[in-house]
Amino acid sequence: MTVLVTGGAGYIGSHTCVELLNDGHEIVVIDNFSNSHPESLKRVKEITGKTFHTYPIDLLDKEGLERIFLEYEITSVVHFAGLKAVGESVSEPLWYYRNNVIGTIILCEVMKRNNVKNLVFSSSATVYGEPDAVPIPEGSLLKTTNPYGRTKHMIEEILRDLHVADPDWSIALLRYFNPIGAHESGKIGEAPQGTPNNLLPYISQVAVGQLDELKVFGNDYETQDGTGVRDYIHVVDLSIGHVKALVKVKNEKGVHTYNLGTGRGYSVLEMVKAFEKASGQQISYTILGRRPGDIPVCFADTRKAFEELGWRAERGINEMCADAWRWQWRNPEGYPSIETDKQTSLEKESTKFFVPPKQEKVLNE
Ligand code: NAD
Ligand code: UFG
């Protein structure tokens, strides 16, 4: 009885691995490490005192996935693997559609072949585009504005069609708002490659001295201080939401859609203040014009997740900033460099490539 976690080495995946292990699940992880480092999974083991195997497999590698399903008695899949940078998706749409949409189709084909039909999928509040009203309930109109968002919307539709064709499928579509923060241990957190696109990692890197100053994108929105408002959610709360969603899909077949947010919005300048308070560091900033594609305000209606999953976010903005800061100052460069350490860590940390002879035979038939 094993949960397959795709993209488990990433930011949200690694935190969810911790919560799944703490909840008593056995897990196996696949990740192609295109945006992560195996060190995160080593640290998941340190935090939990539990062990599991990781395989450097790409979602597009159907045979590799098949081997995992043959090797393990997989009952459910928590599917994080995907590319997530909005700007990059605009310049590289084919890459995004191939990786995210085709990758998910291949995963579902392999699941279907192996009669595994429980799936928790990482969707995003980006599927709402610019909302007509806030807080945003799950039934709002979906109107994505970029290729990344469209991959999430398309995958949601594909998964709904899958359930129509075979009601045995049980699927949770989790629409995340703005995940921030880190595990309280300071051992795992968000480690963006290059200059961060998102607000909190940017602020953290200014605080630790990696970047000079924050650029605030617009102060002429119709909000309390003119800057954009978002629903920031602690990544640990978000991860616990996945554990609850897994129970739901196991107990009740269907397609279950949930917003995972706090229901409360904070402006950019409120976040700057909260981070200054948590870190004791001053965050320098300048105001620039609006970032193309940004929306003024976005926060979740969270009632459905509470009513149906018994889940609500517990951690407030101070805890989010304090945990993000602990992770940042303890790991100013993120995880050790991917180029130099990846292979060693892979070898050391029970991460293995394998082709068991029996399964190989089955695959060749
Ligand atoms: P992340 O980049 O840290 O994690 C994604 C992981 O998937 C990485 O480890 C990456 O190496 C892996 N991956 C990507 N393509 C793969 C492939 N083809 N095969 C195998 N592994 C692959 O991102 P995250 O922030 O942890 O996000 C996890 C999921 O949640 C993504 O699907 C993302 O779109 C979604 N999401 C994230 C946010 C956010 O703000 N972080 C918001 C909404 C939704
Ligand atoms: N912002 C700045 N300066 C920065 C970065 C961001 O002022 O350097 C502002 C933005 O203009 C926005 C707010 O901070 O008002 C939050 O921006 P983020 O980039 O952190 O987050 P977004 O809400 O724009 O988007 C994120 C993810 C999307 C996802 C969405 C909803 O990047 O992929 O949350 O989950 F879809």
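Computed over heavy atoms, backbone and side chain alike; hydrogens, waters and symmetry mates excluded. Whatever order the structure lists ligands and atoms in, that order sets their numbers, starting from 1.
When all heavy atoms of Thr227 and Tyr221 are compared, the pair lying nearest together is C-CD1, 4.1 Å. Considering every non-hydrogen atom in both Asp23 and His25, the closest pair reads OD2-NE2, 3.3 Å. Here the shortest heavy-atom pairing between Pro296 and Arg230 reads O-NH1, 3.4 Å. Across all their heavy atoms, Gly261 and Thr302 have their closest contact at O-CG2, 3.3 Å.
Although no hydrogens or angles enter the test, the distance criterion places a donor-acceptor pair under 3.5 Å between the side chain of Asp301 and the main chain of Arg303.
Considering only non-hydrogen atoms, atom 7 (O) of ligand 1 lies nearest to Ala81 out of Ala81, Gly149, Ser36, Ala125. Looking at Val206, Asp294, Val127, Ile203 and measuring to atom 11 (O) of ligand 2, the nearest heavy atom belongs to Asp294. Remark: among candidates Thr144, Asn178, Val216, the nearest residue to atom 21 (O) of ligand 2 is Asn178, based on non-hydrogen atoms. Among Ala125, Ser124, Ala85, Ser123, the residue whose heavy atom lies nearest to atom 36 (F) of ligand 2 is Ser124.
No part of Met271 comes within 4.0 Å of ligand 2, judged by heavy-atom distances. For Thr126, heavy-atom contacts with ligand 2 shorter than 4.0 Å involve the backbone as well as the side chain. The parts of Asp31 lying near ligand 1 are both backbone and side chain, judged by heavy-atom distances below 4.0 Å. At a 4.0 Å heavy-atom cut-off, ligand 1 does not touch Glu190 at all. Only the backbone of Asn197 comes within contact range of ligand 2, with a heavy atom under 4.0 Å; no side-chain atom does. With a 4.0 Å heavy-atom cut-off, ligand 1 is reached by the backbone of Ser123 but not by any atom from C-beta on.
The existence of a salt bridge linking Glu138 and Arg175 is excluded, since no basic side-chain nitrogen approaches an acidic carboxylate oxygen closer than 4.0 Å. With respect to the salt-bridge test (charged N to carboxylate O, under 4.0 angstrom), the residues Glu109 and Arg113 do not qualify. Taking 4.0 Å as the cut-off between side-chain N and carboxylate O, Arg326 and Glu184 do not count as a salt-bridged pair. Using a 4.0 Å cut-off between charged side-chain N and carboxylate O, Lys117 and Asp166 make a salt bridge. With respect to the salt-bridge test (charged N to carboxylate O, under 4.0 angstrom), the residues Lys248 and Glu252 qualify.
Against a heavy-atom cut-off of under 4.0 Å, Gly10 is close to the following atoms of ligand 1: 3 (O), 4 (O), 9 (O), 26 (O). Within ligand 2, counting atoms from 1 as listed, the ones closer than 4.0 Å to a heavy atom of Phe177 are 31 (C), 35 (O). Of all atoms in ligand 1, listed by their number and element, those nearer than 4.0 Å to a heavy atom of Phe33 are 11 (O). Close approach of ligand 2 to Lys215 (heavy-atom distance below 4.0 Å) involves ligand atoms 2 (C), 3 (N), 4 (C), 7 (O), 8 (O). Interface of Tyr148 with ligand 1, defined as ligand atoms under 4.0 Å from a residue heavy atom, comprises 33 (C), 34 (O), 35 (C), 36 (N), 43 (C), 44 (C). Interface atoms of ligand 1 facing Ser122, defined by a heavy-atom separation under 4.0 Å, are 29 (C), 30 (O), 32 (O), 35 (C).
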| said: Run Tyr11 and His15 through ring pair (Phe, Tyr, Trp, His ring centres under 6.0 Å) and show every step you take. | reply: CA-CA 7 Å; Tyr11 172 46; His15 287 82; 5.5 Å; yes
| task | Under the ring pair (Phe, Tyr, Trp, His ring centres under 6.0 Å) rule, what do Phe121 and Trp169 come out as? Steps first, then yes or no, please. | result | CA-CA 13 Å; Phe121 171 63; Trp169 278 84; over 10 Å; no
| task | Could you please spell out the steps behind the side chain to side chain contact (heavy atoms under 4.5 Å, CB included) verdict for Leu159 and Leu119? | result | CA-CA 9 Å; Leu159 296 177; Leu119 176 65; 3.7 Å; yes
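Nearest non-hydrogen protein atom to atom 28 (C) of ligand 1 is Phe80 O, 3.7 Å. At the shortest separation from atom 20 (O) of ligand 2 among protein heavy atoms lies Leu199 N, 2.8 Å. The protein heavy atom nearest to atom 32 (O) of ligand 2 is Asn198 ND2, 2.8 Å. Scanning the protein heavy atoms around atom 14 (O) of ligand 2, the nearest turns out to be Val268 CG2, 3.5 Å. For atom 19 (O) of ligand 2, the nearest protein heavy atom (residue, atom name, distance) is Arg291 NH2, 2.8 Å. When only non-hydrogen protein atoms are considered, atom 24 (P) of ligand 1 lies nearest to Lys84 NZ, 3.7 Å. Asn35 ND2, 2.7 Å is the protein heavy atom nearest to atom 2 (O) of ligand 1. Among protein heavy atoms, atom 28 (C) of ligand 2 sits closest to Val86 CG2, 4.3 Å. Scanning the protein for heavy atoms near atom 30 (O) of ligand 1, the closest one is Tyr176 CE1, 3.3 Å.
Atom NZ of Lys273 has 12 or fewer neighbouring heavy atoms from other residues, nucleotides or ligands inside a 6.0 Å radius.
Residue Pro179 places a heavy atom under 4.0 Å from ligand 1. Judged by the shortest distance from any of its heavy atoms, Arg175 lies outside the 4.0 Å radius around the atoms of ligand 1. Residue Tyr148 places a heavy atom under 4.0 Å from ligand 2. For Asn198, the heavy-atom gap to ligand 1 stays at 4.0 angstrom or more. Ligand 2 is approached by Tyr232 to a heavy-atom distance shorter than 4.0 Å. Using a 4.0 angstrom heavy-atom cutoff, Leu60 does not count as in contact with ligand 1.
For Arg230, a nitrogen or oxygen atom sits less than 3.5 Å from a nitrogen or oxygen atom of ligand 2, counting backbone and side chain alike. Considering backbone and side-chain N/O of Ile30, none are found under 3.5 Å from N/O of ligand 1. Polar contact check, Ile295 against ligand 2: no nitrogen or oxygen pair lies under 3.5 Å apart. Considering backbone and side-chain atoms together, Leu214 places no N or O closer than 3.5 Å to any N or O of ligand 2. Where the criterion is an N or O separation shorter than 3.5 Å, residue side chain and backbone included, Asn99 meets it with respect to ligand 1. Remark: ligand 1 and Ile12 share an N or O pair separated by less than 3.5 Å (distance only, no angle test).
With a 4.5 Å cut-off on side-chain heavy atoms, Asn259 and Leu174 do not count as touching.
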Report all side-chain donor-acceptor pairs from residues 199-217 shorter than 3.5 Å, counting only partners two or more places apart or in another chain.
residue, atom, partner, partner atom, Å
Ser204, OG, Leu200, O, 2.8
Gln210, NE2, Pro332, O, 2.6
Glu213, OE2, Thr286, OG1, 3.2

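Sorted by first then second residue, the ring pair (Phe, Tyr, Trp, His ring centres under 6.0 Å) pairs that include residues 226-270, not counting sequence neighbours, are Phe80-His242, Tyr176-His242.
Between Tyr55 and Tyr72, the ring planes are perpendicular. Angles over 60° get that label, and only those under 30° would be called parallel. Ring geometry for Tyr148 against Tyr96 counts as perpendicular: the plane angle is over 60°, on a 0 to 90° scale with 30° as the lower cut.
Both tests do not hold together for Lys143 against Tyr128: distance to the six-membered ring centre under 6.0 Å, angle to the ring axis within 45°.
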